[in-house]
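Heavy-atom basis, side chains included; hydrogens, waters and symmetry copies ignored. Small disclaimer: the values here were computed from a predicted structure and weren't measured.
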Number of protein chains: 2
Amino acid sequence: MTEQTPSLHTLKVSCSNCSLRELCLPVGLNREEMAQLDAVIRQSRRLKRGEYLFRSGEGFRSLYAVRTGFFKTCVSSQDGREQVTGFQMSGELMGLDGISASQHGCDAIALEDSEVCELPFNRMETLGRDIPSLQHHFFRLMSREIVRDQSVMLLLGNMKAEERLAAFLLNLSQRLAARGFAANDFILRMSREEIGSFLGLKLETVSRTLSKFQQQSWLKVDHKHIQMLQPEELKALVAGCSQANSLR
Amino acid sequence: MTEQTPSLHTLKVSCSNCSLRELCLPVGLNREEMAQLDAVIRQSRRLKRGEYLFRSGEGFRSLYAVRTGFFKTCVSSQDGREQVTGFQMSGELMGLDGISASQHGCDAIALEDSEVCELPFNRMETLGRDIPSLQHHFFRLMSREIVRDQSVMLLLGNMKAEERLAAFLLNLSQRLAARGFAANDFILRMSREEIGSFLGLKLETVSRTLSKFQQQSWLKVDHKHIQMLQPEELKALVAGCSQANSLR
DNA sequence: CGAGGAATTGACTAAGATCAAACTGTGTGG
DNA sequence: CCACACAGTTTGATCTTAGTCAATTCCTCG
């Protein structure tokens, strides 16, 4: 038997022993199904901060799951206006918008050095036919993305600057907590401008609003380091205007 | 042979002879597959103007395709702010957001007397495993919805009132044209308030902006009756700021 | 260590929201 | 069939919020 000795870099990462399994593919697969899945998912790819994972218009072949690091996805118009459509952290999926036209509909950019798993879509589709629960999981993932987008629409269409920022911070906090990080003490991976782009605000407004929250001692803001001193106050602010908290 | 004589009301509508087939399920099915599909899709349900097709929070069982008529979907926050997330016309699908949580994530309301086909989701899912092109079609549909939502985010996050309204009218026009209706002369099925809710504007702003377009003789506005006199001007207005025209 | 990008803060502006009043079809009930 | 009520719309006046422009400070990264 000539088993290849895997070098550290090409070490096959498998879903079966991935710590993100619960977040990424929470679907009851038996041992054999899991092996099939592992056979399809490509070893992880590393990206440096600022690197593009894919660009709008590029041919679509795969979905990508964040293993480590942090991404933004954004669409931009011809005249260069950019809309950040989401920020993705470990266990979250990118590229679902590419299926419809067989080409990516947005840019995905690493906001810090990151690592992703590649999920070749054709093979995942085929596998889904053999593993109903996997197929169902993909439908759910796509649906969840649609629900999230609807929350963003509600935010952009109806909420004031303070409400938007509070909702954003609370959502980040909650997602970090779900990954075992501190909920009330974290580092922003994105700039004020990127936050603004996501929230439909200008960077100055983001900055001012953060300062305002700090003055009210709801937050301690030290550049990218955020401490939520009174998360209840932020929650009270968005209590009325959010339906669920599915922003991302 | 005891063939049931179908009454007018329970007349089984079949996909195989539906005039919307190209819009709704543009997927190369053979005769037998089409028969399987017809067996799963429920006869159409009629709704009067103002009636709810489903409500946010209700159990999710089916997707719905508009056969005739016009719908809006909207999410609302606890304190009653409403965000219209889209307007649906014949051949378009509603309910995709319900898959993720097994309950509907928005309200769907008929804006005129309408008729829908019900697509029981579990059965469609099962059928998808037998008919790969059908499965693929559903992934594409969901992805298209995500792409559309991203355009709406770009609109809500970056565009001015005039640009939003122009993009909205052009999108409507294009979709009507795709259904064989006049592109430049149509009736709005929704109120100014509903347009505003969709576009993140107040009804007064929608009204003023329509008046402005009329003053420039880009439009003739007679209540709900819109005539586009100079669509090129509207196109020029949104040329820079839209990526594609996938609003809905 | 220096340069340049990111963030903060202030002053001013403008777009759209809000409030208010008047007008117009539409539809309903007498 | 007409009159009235009402919802939807238009338009004006004013106000508020967030955007724009600008100056300064402060990291961060090469």
May I ask you to say what B:L210 touches in the nucleic acid, namely base, sugar-phosphate or nothing, with a heavy-atom cut-off under 4.0 Å? nothing

Side-chain N or O of B:K160 less than 4.0 angstrom from OP1 or OP2 on D:dG19? no

Does the ring centre of A:F87 sit less than 6.0 Å away from the ring centre of A:F198? yes

Between C:dT8, C:dG16, C:dA7, which nucleotide has the shortest distance from any of its atoms to the side chain of A:S191? C:dA7

Is the phosphate of C:dG25 approached by B:H223 (side-chain N or O, under 4.0 Å from OP1 or OP2)? yes

Is any side-chain nitrogen or oxygen of A:S207 closer than 4.0 Å to OP1 or OP2 of C:dT8? yes

Spacing of CG belonging to A:L53 relative to NZ belonging to A:K72, to within rounding of 0.5 Å: 13.5 Å

Please work out if B:K212 contacts a base, only the sugar-phosphate, or nothing of the nucleic acid, heavy-atom cut-off 4.0 Å. nothing

Within the pair A:S211 and C:dT8, is there a side-chain N or O less than 4.0 Å away from OP1 or OP2? no

Nearest-nucleotide 5' precedence on DNA chain C, A:R192 against B:E204: A:R192

Would you indicate, yes or no, if C:dT18 has its OP1 or OP2 atom less than 4.0 angstrom from a side-chain nitrogen or oxygen of B:K202? yes

By nearest-heavy-atom nucleotide on DNA chain C, the more 5' of A:V206 and B:L201 is A:V206

Using a heavy-atom cut-off of 4.0 Å across all strands, would you classify A:G200 as base, sugar-phosphate, or nothing? sugar-phosphate

Is any N or O donor-acceptor pair between the side chain of B:R208 and the base of C:dT18 shorter than 3.5 Å? yes

Side-chain N,O (A:R164) to OP1/OP2 (D:dA18) below 4.0 Å: no

Does A:R61, at its CZ atom, have more than 12 non-hydrogen atoms belonging to other residues, nucleotides or ligands within less than 6.0 Å? no

